[in-house]
Amino acid sequence: MNEIILNNVSMPRVSICNHLIAHKPFFHKDRIAPFHVLIYVVKGTIYVTEDEIDYEIHPGELIFLKSGVRHYGKK
């Protein structure tokens, strides 16, 4: 697991905010992003693998994906 430490002195800046509604199952894009990614699930479940560790994120949960680390969906 990759660790990201957040403190209340220097919070991360959000550069892009978007939302996705998937009416059909999909796989998260396979990529190595040059920025951190925050995923917050409102409804349903998303499955993401980061650095060969599988995560299952449910409603009300979030995950930070670390920049420079490969992440993708398996299901």
Side-chain angles (χ1 to χ4, degrees):
M1 179 182 313
N2 294 297
E3 184 174 332
I4 297 174
I5 298 172
L6 299 176
N7 62 54
N8 60 359
V9 175
S10 177
M11 294 300 289
R13 179 175 55 106
V14 176
S15 59
I16 298 173
C17 183
N18 207 339
H19 72 278
L20 168 74
I21 298 172
H23 298 287
K24 297 179 183 178
F26 74 99
F27 290 91
H28 188 283
K29 184 177 180 177
D30 187 341
R31 66 180 177 178
I32 299 174
F35 47 84
H36 300 302
V37 175
L38 168 76
I39 297 175
Y40 177 76
V41 177
V42 176
K43 185 177 179 183
T45 302
I46 188 167
Y47 303 89
V48 179
T49 299
E50 180 189 53
D51 207 18
E52 303 307 319
I53 300 171
D54 298 329
Y55 297 97
E56 186 173 313
I57 304 94
H58 302 280
E61 297 178 341
L62 58 85
I63 186 169
F64 276 99
L65 302 173
K66 188 172 173 68
S67 68
V69 179
R70 180 179 179 223
H71 64 267
Y72 55 94
K74 287 185 179 176
K75 68 180 196 179

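Keep in mind the model is a prediction, meaning the values are calculated, not measured. We're numbering straight along the sequence, starting at 1.
To the nearest 0.5 Å, atom CD1 of residue I63 and atom OH of residue Y40 are 14.5 Å apart. One finds the CD1 atom of I32 at 12.5 Å from the CG atom of L65 (value rounded to the nearest 0.5 Å). We find the CD1-NE2 distance between I46 and H58 to be 12.0 Å, quoted to the nearest 0.5 Å. Here CZ of F27 is found 10.0 Å from NZ of K75. Values are rounded to the nearest 0.5 Å. With values rounded to the nearest 0.5 angstrom, H71 atom NE2 is found 8.5 Å from D30 atom CG.
Under the 4.5 Å side-chain heavy-atom criterion for ILVMFWY residues, a single connected hydrophobic cluster contains both F35 and V48.
When all heavy atoms of E50 and Y55 are compared, the pair lying nearest together is CB-CE1, 4.1 Å. Here the closest non-hydrogen pair linking G44 and P59 is O-CD, 2.9 Å. I57 and L62 get closest at one heavy-atom pair: CG2-N, 4.1 Å.
Within a 6.0 Å sphere centred on NZ of K74, heavy atoms belonging to other residues, nucleotides or ligands number more than 12.
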Legend entry - side-chain contact (heavy atoms from CB on, under 4.5 Å) between I21 and H23, intermediate numbers included: CA-CA 6 Å; I21 298 172; H23 298 287; 3.7 Å; yes

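In this structure, H28 and I39 have side chains that are in contact, with non-hydrogen atoms separated by less than 4.5 Å. Residues R70 and R31 have side chains not in contact (no heavy-atom distance under 4.5 Å, counting atoms from C-beta outward). For the pair L20/F26, a side-chain contact is recorded, criterion being any heavy-atom separation below 4.5 Å from C-beta on.
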